[in-house]
Amino acid sequence: MASRFNALKADTHWQQVWDESQTFAARDDSPKPRSYVLEMFPYPSGKIHMGHVRNYTMGDVLARFRRMTGHEVLHPMGWDAFGMPAENAAMEKKVHPGEWTRQNIAAMKAQLKRLGFALDWSRELATCDPSYYGHEQSLFLDFYRAGLVYRKESAVNWDPVDMTVLANEQVIDGRGWRSGALVEKRKLSQWFLRITRFADELLAGLGSLEHWPDKVRLMQENWIGKSQGLQFRFALSDGESVEVFTTRPDTIFGASFVAVAADHPIAQALASRDPAAAAFIERCKQGGTTAAELETQEKLGYDTGLTAAHPLGAGELPVYIANFVLMEYGTGAVFGVPAHDQRDFEFASKYALPIRRVVADGERSDAAFDGTEAYTGPGHLVNSHFLDGLAVEEAKRIVIERAEREGWGQGSTVYRLRDWGVSRQRYWGTPIPIIHCSACGEVPVPREQLPVALPEDVSFDVPGNPLERHPSWKHVHCPQCGGAALRDTDTLDTFADSSWYFIRFASQPEDRPFDRAQAERWLPVGQYIGGVEHAILHLLYARFWTRALRHVGLIDLAEPFTGLFTQGMVTHETYKAADGRWLAPEEIGGGVELATGAPVMVGRVEKMSKSKKNTVDPAPIVDQYGADAVRWFMLSDSPPERDLEWSENGIEGAWRFVQRLWRLFDALGEGEAGKGADAALDRKLHQTIAGVAADVEALSFNKAVAKLYELVNAIEKAAPSASRDAAVRTLVQLVAPMVPHIAEEAWALLGGQGLVADAPWPKVEAALLVEDEVIVAIQVNGKLRDTLTLPKGLAREDVEAAALANDKVARLLEGRAPRKVIVVPDRLVNVVA
RNA sequence: GCGGACGUGGCGGAAUCGGUAGACGCUGGGGACUUAAAAUCCUCUGCCAUCGGCGUGCGGGUUCGAGUCCCGCCGUCCGCACCA
């Protein structure tokens with residue numbers, strides 16, 4: 001009697017078996033080839049969402065597949081456990097951030113286990129654990145001693161109500177995202193990691209990452225933003241000088257003004273004695289920074305009255321304070337060439353400054369520029385004395401050479417990338433292990449005093465940093481002189497925590513961050529999988545941290561992740577009531593809102609988010625359909641890099657497939673053995689073995705799923721035979737990486753040895769991949785007219801003869817001889833009439 | 001504005017080297033089984049149509065042959081953004 005597959009029972013049973021036998025623990029001393037498969041570890045927010053399920057399912061299929069193909073697989077999981085939500089929870093719910101975090105970890109761990117992921121839980125780590133962040137402090141101090149860490153005054157977004165620094169992303173329309181208070185720019189002493197020292201390496205390293213998406217490499221390249229040009233000085237009429245940077249030194253004779261940023265020292269100095277200048281600077285700061293505002297904002301300037309002497313003797317240029325010059329980029333000052341830079345053009349037009357052509361655009365070479373916009377294309381130099389006639393690139397080189405020879409400037413490379421500010425005025429993070437002594441200055445905490453642990457007895461009743469106002473924690477003796485000193489009360493940006501966790505997974509000794517030899521055996525991560533939202537920050541910081549570790553001699557590794565895959569989001573329909581309120585799927589039924597009976601508008605399919613109320617909680621779905629159906633749905637249909645729309649029909653379909661599999665497995669267990677061979681099914685089976693393997697390796701799970709459907713369709717249609725029985729047995733192994741619970745159940749039922757999780761991937765018989773007959777397309781003038789089934793490898797003449805003998809071809813030729821016949825062996829014949 | 005990706009049935013998508021477009025799944029139609037329903041099974045499902053024709057965003061081109069290559073448009077999405 002056929003039974004239904006009881007997913008709930010099977011899930012629980014096999015998850016327990018895997019757990020007890022430590023099936024997925026990676027062995028450090030294994031002689032097998034190694035494979036490190038990693039998904040970005042989650043923030044323990046409370047419960048897992050569909051995005052996690054999709055992410056971890058993909059990694060899991062690859063990890064399980066690699067085990068079956070003979071690899072020793074490291075597939076660990078941990079928790080990115082520091083961060084603001086824990087402190088927000090502490091303020092709102094009066095619960096300690098640590099307690100809140102640990103409860104969330106426990107809940108989410110249970111949910112991940114419920115999905116049957118092949119994870120090595122023995123290596124689990126949480127970044128909020130002193131046994132993790134203590135080692136991070138020691139790495140920070142290694143970097144400090146190597147000169148990769150420094151402290152400087154820097155402007156930050158300060159929320160005066162919450163009394164904390166906000167990241168740029170947390171400032172919305174000039175206000176704090178939580179408090180709604182107007183954000184102030186404040187100067188604070190902050191710690192910085194010298195990522196810019198590695199800018200060139202990080203840029204060059206992108207070239208070696210062939211298994212990264214081009215998109216991510218390009219985003220990092222743009223973020224690093226390398227520009228080469230000339231940095232040089234203008235002597236000013238007050239006896240001082242101003243340094244400018246340009247990527248277009250070739251246009252130096254087209255300069256008609258110099259402009260400095262509002263917070264440039266020259267502007268600040270002027271403001272202190274000129275109230276109008278001060279007012280102008282104030283006005284510059286008020287400008288919005290959104291795309292639309294920048295687009296429409298007028299170029300404004302304030303004439304300082306100073307003039308700058310052109311270094312090549314081409315007169316005196318007026319010096320302006322301008323709202324479009326950024327202090328953060330280059331030197332905070334530019335020289336304006338209106339004919340060949342659009343901003344300079346707009347500025348010069350407004351203030352009636354000369355616009356002189358120095359690069360000919362095609363036929364135009366006169367100095368009087370009458371265009372309506374700047375010309376930035378290629379050309380040769382004109383109206384430029386000794387540069388006349390030279391191509392742009394040549395002219396750049398010659399001007400730089402001359403500046404260097406004459407000593408007024410030098411060739412220079414400027415990056416958009418800034419050093420990484422890591423100080424956060426918050427409690428729930430890694431304490432910065434530095435002590436401030438009035439006599440000795442900055443003193444690193446001695447290694448034997450690490451970890452600098454967070455105090456547990458803190459309160460969140462009032463805004464601000466609890467570490468700052470804790471009665472005793474910050475008061476210490478200076479490790480050098482023994483005098484009274486203060487701990488740094490800032491904590492590290494949580495991106496520091498996620499910059500090396502993948503190394504700690506590979507090796508976790510108690511007394512140091514990691515064992516070099518062991519870490520080098522596992523790393524780099526061969527396949528890293530996560531969301532594209534981390535394309536820049538996390539992935540750039542982790543690359544930097546790895547290079548910094550190499551710089552201080554802790555590991556011989558340049559790139560942490562050789563393979564990267566960015567998966568798409570999980571989306572869902574949105575629903576709105578007539579008054580614009582978002583409605584959750586469970587609030588509607590039959591096209592109306594259940595509570596009011598009012599009609600519902602179906603909105604766009606969007607990323608699942610709480611604000612749009614279109615989330616679907618995985619937990620009840622897993623309980624209803626079982627882990628395998630959920631996993632199967634996550635892999636079906638949509639290519640993994642694209643968005644996947646959650647749908648009720650989709651999960652139903654996946655569940656039906658699991659039941660179909662079970663009917664095949666169960667019938668084989670019950671029925672009589674089939675006899676005889678089925679050559680066509682044998683061929684299909686072996687094509688599927690090879691095809692699914694290739695698709696999984698390429699992370700093309702949707703294609704692997706389609707091939708498995710085809711095989712199942714073929715098996716179901718096939719008459720009983722020994723081949724059919726063998727195909728069903730092999731199918732168990734083929735689906736095992738994707739739907740492991742039903743696969744274990746079937747493996748046990750059909751008398752398999754041990755666990756299917758430990759079974760090898762089926763062997764492909766190469767001879768069976770080759771078809772002995774082929775279907776050849778018959779075209780006339782490129783249009784398909786018929787197909788012929790012919791023996792594979794038939795000679796060209798015979799194929800051509802068969803095509804010309806075809807009656808449809810004969811009819812279309814109407815007795816004429818073909819002008820030409822194209823034969824593609826085993827594929828097609830095209831008769832050109 | 002700069003940079004990038006993408007555009008294939010009612011929907012998600014497949015077509016790996018320029019060689020039979022639409023595999024596979026979903027939705028929908030018809031039928032079988034059932035007292036009935038669910039489940040399951042069979043079958044059809046790009047468009048127009050009688051032969052046949054038309055079809056991969058639009059317009060050109062290369063080719064015996066173009067979803068795939070080239071040129072020019074249109075649209076959607078993503079990243080960055082006054083970067084000198």
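Just so it is clear, the values below take in all heavy atoms, side chains as well, and ignore hydrogens, waters and symmetry mates. Chain naming here is simple, since letters A, B, ... match the order of the sequence lines and numbering starts at 1 in each. What you are looking at is a predicted structure, and each value in this text was computed from that prediction instead of being measured.
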Nearest whole Å is fine: how far is [N] [atom2] from [X] [atom1]?
X: A:Q659; N: B:C41; atom1: CD; atom2: P; answer: 11 Å
X: A:I778; N: B:G65; atom1: CD1; atom2: P; answer: 17 Å
X: A:E716; N: B:U43; atom1: CD; atom2: C1'; answer: 16 Å
X: A:K707; N: B:G25; atom1: NZ; atom2: C1'; answer: 14 Å

First encountered from the 5' end of RNA chain B, between A:N649 and A:R642: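 Its nucleotide being nearer the 5' end, the pick is A:R642.
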Along RNA chain B (nearest heavy atom to each residue), the more 5'-positioned of A:K783 and A:N713: A:N713
If you only use heavy atoms from C-beta on, which nucleotide in [options] is closest to the side chain of [X]?
X: A:D637; options: B:A14, B:C83, B:G25; result: B:G25
X: A:R663; options: B:C41, B:C78, B:G19; result: B:C41
X: A:R416; options: B:C24, B:C83, B:G12; result: B:C83
X: A:N222; options: B:A84, B:G3, B:C80; result: B:G3
X: A:L218; options: B:G4, B:A84, B:G19; result: B:G4

B:C26, OP1 or OP2 - any side-chain N/O from A:R656 closer than 4.0 Å? yes
Looking only at side-chain N and O atoms, does A:R418 come under 4.0 Å of OP1 or OP2 in B:C83?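 The answer is no; no side-chain N or O of A:R418 sits under 4.0 Å from OP1 or OP2.
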Is B:C17 in the syn or the anti form, by the rule that syn lies within 90° of 0? syn
Taking the chi torsion of B:G9, is it syn (within 90° of 0) or anti (everything else)? syn
Verify the ring-centre separation between [Y] and [X]: is it less than 6.0 angstrom?
X: A:F347; Y: A:Y320; answer: yes
X: A:W655; Y: A:F633; answer: no
X: A:F335; Y: A:F257; answer: no
X: A:Y709; Y: A:W632; answer: yes

Using only heavy-atom distances, decide whether a donor-acceptor pair under 3.5 angstrom links the side-chain of A:K703 to the base of B:C24.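 Looking at the base of B:C24, it does not pair with any donor or acceptor on the side chain of A:K703 (distance under 3.5 Å).
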Mark yes or no for a side-chain to base donor-acceptor pair under 3.5 Å between A:N830 and B:C64, with no hydrogen or angle criteria applied.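 A donor-acceptor contact between them is present.
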Does A:R819 reach a base, just sugar-phosphate, or nothing at all? Heavy atoms under 4.0 Å.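 The answer is nothing, as A:R819 stays clear of every strand by at least 4.0 Å.
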Using only atom types and a distance under 3.5 Å, with no angle test, would you say the side chain of A:Y375 pairs donor to acceptor with the backbone of A:P378? yes
Between B:G57 and B:U63 - C1' atom distance, rounded Å: 23 Å
